[in-house]
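The basis for the numbers below is simple: all heavy atoms, side chains too, and nothing from hydrogens, waters or symmetry mates. Predicted model only: the values in this text are computed from it and were never measured. Letters A, B, ... are given to chains in the order of the sequence lines, protein chains preceding strands, and every chain is numbered from 1.
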There are 2 protein chains.
Amino acid sequence: MSKISKKIVERLIIYRRCLIRSSVNSNNTHIFSHQLAKKSGASSAQVRRDIMGLGYSGSPAYGYEIKSLVDSIGKFIDPVKREKIAIIGLGNLGKAIVDYFNKQSLEMEIVAAFDTNPEKVNRVLMGCKSYHIKEMKSIIKEYDIQTAILCIPSINAQEVTDELIESGIKGILNYAPINLNVPLNIYVENLDMIAIFEKVSYFARKNNK
Amino acid sequence: MSKISKKIVERLIIYRRCLIRSSVNSNNTHIFSHQLAKKSGASSAQVRRDIMGLGYSGSPAYGYEIKSLVDSIGKFIDPVKREKIAIIGLGNLGKAIVDYFNKQSLEMEIVAAFDTNPEKVNRVLMGCKSYHIKEMKSIIKEYDIQTAILCIPSINAQEVTDELIESGIKGILNYAPINLNVPLNIYVENLDMIAIFEKVSYFARKNNK
DNA sequence: TACTGTGAACTCCTTCACAGCG
DNA sequence: CGCTGTGAAGGAGTTCACAGTA
């Protein structure tokens, strides 16, 4: 059960989104691997293999039962209780992310934001309260927050990361374009929007070759 | 020269960023593979292999000459002329992205934005003019824009994508959480921020196992 | 008949390990 | 020496192809 790779987790999350959308948009109760493949952008063999990894089984006659497959993925992926998230940095990007996340009703919510700018603290945006960064450690511990989104300039990113780890954070989604040094038990995902765009531009010019 | 995979392109972009930063922050003219590895988060063998793919050579005594390596990567990755980008959707996220991209002085710029909301058109944000989406096709052709950033609700994403392709767009950075159907010669990169965060949350709970 | 579940093959990516060199 | 460049090994991820099944 535990040998589920990063790639498979990524796809399971996408499958679930597709399944939920298709159960809302149609009243089909079942779906075949090739249909889910089409919707998600994966191959049908991959869909079957990934679902196999969950221990879930479909039927050759009807395919997968959407509702129970969604539950199986959820049981595997989701936290037991509602996830509380912190965000560091309330520049335009940080604010847009708070808005974007908290607008959707997900099993997760950005509950606390931190910034150094006095004008940005002690406000509330989409249910998220903002604090001065010097309060970060105590607030994160108080709320028992496990994951953080980092939206600050690269120059401060390592320093703030060290504090986040001291505060008990276990996962970081890092928008700063810099590699963070962290202990092995901390998960960091780098999301460098400029670098990703440069890649798109490169392959666009090469006609996706 | 042409067998450079997606993964290698991603890392070359990161290496270049690290090299430029380190030539600004110190006055070293050379760098060893293990130093660049540390800065970029790759392994030293990977750094050497990726650079080998460029056809660039370092010296065992001094490592790689930073300036000429940056040039080699640029010659490989960069467009010949300054890249013009379109963005579709001027919600909070779209606006933040325009601001974030155009604040940096890069070899690329978001020059045109499109939205359906009349209040959002005919404005200028960070050098980017906004238009009603019905003008999209003509403006994209006029500016000869090759790549677009899609920041609109999933429900409209496929329809707008089809129009983008008709307009001559070759690459799309898609922030909408949906798989787009496009011809094989069009490059699409999906950037589903919620899905990425769900992954961070999952691996944070598993202690990065 | 058309699907799932899956061993086996295959392709792609990463790391090892060492010859060659300044 | 300690580095680069690289053949070869190893590992991860994907696809093939087909037996089993309703």
A.B. asks: Parallel, tilted or perpendicular: which describes the rings of A/F197 and B/F101, with under 30° parallel and over 60° perpendicular?
C.D. replies: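 It falls in the perpendicular class, over 60°.
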A.B. asks: Starting at atom CG of A/L54, determine the distance to atom P of C/dT4, rounded to an integer number of angstrom.
C.D. replies: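 Value for this atom pair: 15 Å.
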A.B. asks: Among D/dT14, C/dT14, D/dT4, which is the nearest nucleotide to the side chain of B/K7?
C.D. replies: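 Of the candidates, C/dT14 comes closest.
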A.B. asks: Write down the distance between CD (A/Q35) and C1' (C/dA2), rounded to a whole number of angstrom.
C.D. replies: 12 Å
A.B. asks: For C/dG5, does OP1 or OP2 lie under 4.0 Å from any side-chain N or O of A/S57?
C.D. replies: yes
A.B. asks: Check nucleotides 15-18 of chain D for protein N or O atoms closer than 3.5 Å to its own N or O atoms and list the pairs.
C.D. replies:
residue: D/dT15; atom: OP2; partner: A/S43; partner atom: OG; Å: 3.0
residue: D/dT15; atom: O4; partner: A/R49; partner atom: NE; Å: 2.7
residue: D/dT15; atom: O4; partner: A/R49; partner atom: NH2; Å: 3.4
residue: D/dA17; atom: N6; partner: A/R48; partner atom: NH2; Å: 3.3

A.B. asks: Enumerate the ring pair (Phe, Tyr, Trp, His ring centres under 6.0 Å) contacts for residues 38-58 of chain A, please, sequence neighbours excluded, ordered by first and then second residue.
C.D. replies: none
A.B. asks: Strictly under 3.5 Å: I want the nitrogen or oxygen pairs between protein and nucleotides 19-22 of chain C, one per line.
C.D. replies:
none

A.B. asks: Closest heavy-atom contact between A/M108 and A/R82?
C.D. replies: O-NH2, 4.2 Å
A.B. asks: Are A/K7 and A/D50 close enough for a salt bridge, meaning some N to O gap below 4.0 Å?
C.D. replies: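 Looking at A/K7 and A/D50, the cut-off is not met.
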A.B. asks: When rounded to the nearest 0.5 angstrom, what is the spacing between NZ in A/K170 and CG in A/L164?
C.D. replies: 11.5 Å
A.B. asks: Are B/F76 and A/Y202 an aromatic pair by the rule of ring centers under 6.0 Å?
C.D. replies: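 Under 6.0 Å, so yes.
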A.B. asks: Round to a whole Å and report the spacing from CG of B/D50 to P of C/dT15.
C.D. replies: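 Answer to the nearest Å: 10 Å.
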A.B. asks: Rounding to an integer number of Å, can you tell me how far B/R11 CZ sits from C/dC12 P?
C.D. replies: 15 Å
A.B. asks: Answer yes or no: does a side-chain N or O of B/S33 lie under 4.0 Å from OP1 or OP2 of D/dC3?
C.D. replies: no
A.B. asks: Just the rounded figure in Å: distance from C1' of D/dT21 to OH of A/Y64.
C.D. replies: 14 Å
A.B. asks: When the nearest nucleotide of DNA chain C is assigned to A/H34 and to B/K6 on a heavy-atom basis, which residue is associated with the more 5' position?
C.D. replies: A/H34
A.B. asks: Once you round it to whole Å, what is the distance between P of D/dC3 and CD of B/E65?
C.D. replies: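 Result: 19 Å.
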A.B. asks: Between P on D/dC3 and CD1 on B/I51, what's the gap in Å once rounded to a whole number?
C.D. replies: 15 Å
A.B. asks: From the options C/dG5, D/dG13, D/dC3, select the nucleotide whose nearest atom is closest to the side chain of B/F32.
C.D. replies: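 Of the options given, the side chain of B/F32 lies nearest D/dC3.
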A.B. asks: Please state how far atom CE in A/M52 lies from atom P in C/dA8, giving the value in whole angstrom units.
C.D. replies: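 The answer, rounded to whole Å, is 13 Å.
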A.B. asks: Salt-bridged, A/K81 to A/D144, with N to O below 4.0 Å?
C.D. replies: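 A/D144 and A/K81: salt-bridged.
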A.B. asks: Among B/L173, B/L180, B/I178, whose side-chain contact (heavy atoms from CB on, under 4.5 Å) with B/L150 holds?
C.D. replies: B/L180
A.B. asks: With side-chain hydrogen bond (donor to acceptor under 3.5 Å, both in side chains) as the criterion, how do B/N92 and A/D99 come out once you've worked through the C-alpha distance, each side chain's angles and the decisive distance to 0.1 Å?
C.D. replies: CA-CA 8 Å; B/N92 287 321; A/D99 183 72; 2.9 Å; yes
